[in-house]
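Everything below concerns the one structure shown next.
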Number of protein chains: 2
Amino acid sequence: MFEKYVKLLREHSMKVTPQRLDILKYLDEHRVHPTVEMIYMELKKNNPSLSKTTVYNNVETLEKHGIIQSLTISGNELRYDFRNDMHCHFICKRCGRIFDIDIVCPNIGKVEQSGFKIEEVHGYFKGICRDCLKKEEMENGS
Amino acid sequence: MFEKYVKLLREHSMKVTPQRLDILKYLDEHRVHPTVEMIYMELKKNNPSLSKTTVYNNVETLEKHGIIQSLTISGNELRYDFRNDMHCHFICKRCGRIFDIDIVCPNIGKVEQSGFKIEEVHGYFKGICRDCLKKEEMENGS
DNA sequence: TTTTAAATTGTAATTATTACAATTTGATAC
DNA sequence: GTATCAAATTGTAATAATTACAATTTAAAA
Ligand SMILES: [Mn+2]
Ligand SMILES: [Mn+2]
Ligand SMILES: [Zn+2]
Ligand SMILES: [Zn+2]
């Protein structure tokens with residue numbers, strides 16, 4: 001069940017703790033880019049003694065080791081992503097859902113040529129998602 | 001002095017208030033993508049009765065009217081940009097400065113074809129800026 | 001000049017995040 | 001297996017950004 005995550009932590013010479021495994025498994029199985037609050041609330045159900053500080057500590061450490069990444073797309077809270085490869089995101093202003101967009105930025109080279117050392121690239125699109133557009137059509141009857 | 005901003009507000013049929021003019025002028029003349037705190041602290045010097053809530057209200061309203069835009073690049077606070085055209089940003093992890101990057105995303109069409117209605121595009125690069133790289137070189141002597 | 005909706009102000013509440021000290025625990029060495 | 005210890009976990013308190021709200025003031029239209 002957890003072998004995959006044990007392996008992942010060992011590869012980064014991180015201590016294997018039940019809390020860490022829970023968090024990793026949760027992020028892996030819930031690719032909606034959850035907040036700390038969401039992770040905490042969900043995992044608390046099966047481990048009532050879990051501390052929110054532990055969730056904060058762990059997502060921070062996991063990100064520092066490059067295992068997961070954080071998104072600043074929403075502005076008022078960080079979202080976490082089990083995927084650590086470069087990809088873009090779309091956030092729907094109606095329903096708030098965040099979608100993966102699998103495109104790569106073709107401009108990285110250009111930016112680096114102007115003297116910046118790039119360590120992270122984030123592409124955020126904001127607008128209305130398919131479902132919400134359809135829902136709108138239904139209501140308007142256009 | 002303020003005619004430019006008066007015109008801007010009138011064009012959007014927004015009331016012209018001294019606070020609004022101050023905020024617009026400040027953002028126009030300080031293209032470092034300031035926070036609400038920065039705007040507030042600076043403008044308070046010449047108008048001690050200014051309320052931080054007024055700054056929050058106004059940047060929100062100005063953004064709603066498309067006059068300015070907000071950036072979620074830093075994760076823990078919104079930054080404001082007098083420029084409202086589409087461009088990208090680079091944030092330096094050392095000095096925290098935010099630079100404009102004048103490139104346009106060539107993938108917007110592709111994303112829209114997959115059914116999303118795009119209203120905003122944000123490209124955020126994170127890393128080390130020229131100055132901080134140079135400073136590092138000096139210290140290391142590499 | 002009068003009127004009124006919108007803007008401003010100040011304070012309180014909320015939310016996300018960080019600080020920190022006490023306790024527990026995973027991993028290593030014996 | 002047991003001792004050891006740095007690292008992780010926990011709970012509480014503090015901080016920081018943002019929002020809510022009610023009272024007051026004001027820009028702009030009549
Ligand atoms: Mn993603
Ligand atoms: Mn900018
Ligand atoms: Zn939606
Ligand atoms: Zn720098």
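Every chain is numbered from 1, with letters handed out A, B, ... down the list of sequences.
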Looking at [X], I'd like to know whether one of its side-chain N or O atoms comes within less than 4.0 Å of OP1 or OP2 on [N].
X	N	value
A:T17	C:dT25	no
B:R10	D:dA28	yes
B:N58	C:dT8	yes
A:Q19	D:dT10	yes

query = Taking the inter-plane angle between the rings of B:H65 and B:H12 on a 0 to 90° scale, is it parallel (under 30°), tilted (30 to 60°) or perpendicular (over 60°)?
reply =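 Perpendicular: the ring planes of B:H65 and B:H12 meet at over 60°.
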task = Under 4.0 Å between any heavy atoms, over every strand shown, what does A:S49 touch: base, sugar-phosphate, or nothing? Just pick one.
result = sugar-phosphate
query = Which part of the nucleic acid does B:V16 contact within heavy-atom distance under 4.0 Å: base, sugar-phosphate only, or nothing?
reply =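 Sugar-phosphate: the residue B:V16, judged by heavy atoms under 4.0 Å, touches backbone atoms but no base.
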Given atom [atom1] of [X] and atom [atom2] of [N], what is their separation to the nearest angstrom?
X	N	atom1	atom2	result
B:I39	C:dT8	CD1	P	14 Å
B:I23	C:dT9	CD1	P	9 Å
A:L50	D:dT9	CG	C1'	9 Å
B:E60	D:dT18	CD	C1'	10 Å
B:K52	C:dA12	NZ	C1'	14 Å
B:L24	C:dA7	CG	P	13 Å
A:L21	C:dA27	CG	P	9 Å
A:Y56	D:dT12	OH	C1'	15 Å

inquiry  = Pair A:H87, A:D102 - check side-chain hydrogen bond (donor to acceptor under 3.5 Å, both in side chains), show working.
reply    = CA-CA 5 Å; A:H87 62 288; A:D102 278 297; 5.4 Å; no
query = Within the distance-only criterion (no hydrogens, no angle test), does the side chain of A:E119 pair as donor or acceptor with the backbone N or O of B:I128 below 3.5 angstrom?
reply =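 Side chain of A:E119 to backbone of B:I128, a donor-acceptor pair under 3.5 Å: no, none is there.
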ask   = Given A:E63 and A:S70, is the side-chain hydrogen bond (donor to acceptor under 3.5 Å, both in side chains) satisfied, shown in steps?
value = CA-CA 7 Å; A:E63 181 174 25; A:S70 69; 2.8 Å; yes
ask   = Looking at D:dT19, does its base get a donor-acceptor pair with the side chain of B:T53 below 3.5 Å?
value =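 Counting by modelled atom types and ignoring angles, no donor-acceptor contact under 3.5 Å is found here.
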note = The nucleotide from D:dA8, C:dG10, D:dT10 with an atom nearest the side chain of B:S51 is C:dG10
key: Position toward the 5' end of DNA chain C (nearest nucleotide), B:T54 or B:K15   =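 Taking each residue's closest nucleotide, the earlier one in sequence belongs to B:K15.
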ask   = Closest nucleotide of DNA chain D for B:L78 versus for B:N57: which of these residues is on the 5' side?
value =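 Nearest nucleotide further toward 5': that of B:L78.
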task = Taking the six-membered ring for Trp and the single ring otherwise, decide whether the centroids of B:Y40 and B:Y56 are under 6.0 Å apart.
result =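 Not under 6.0 Å, so no.
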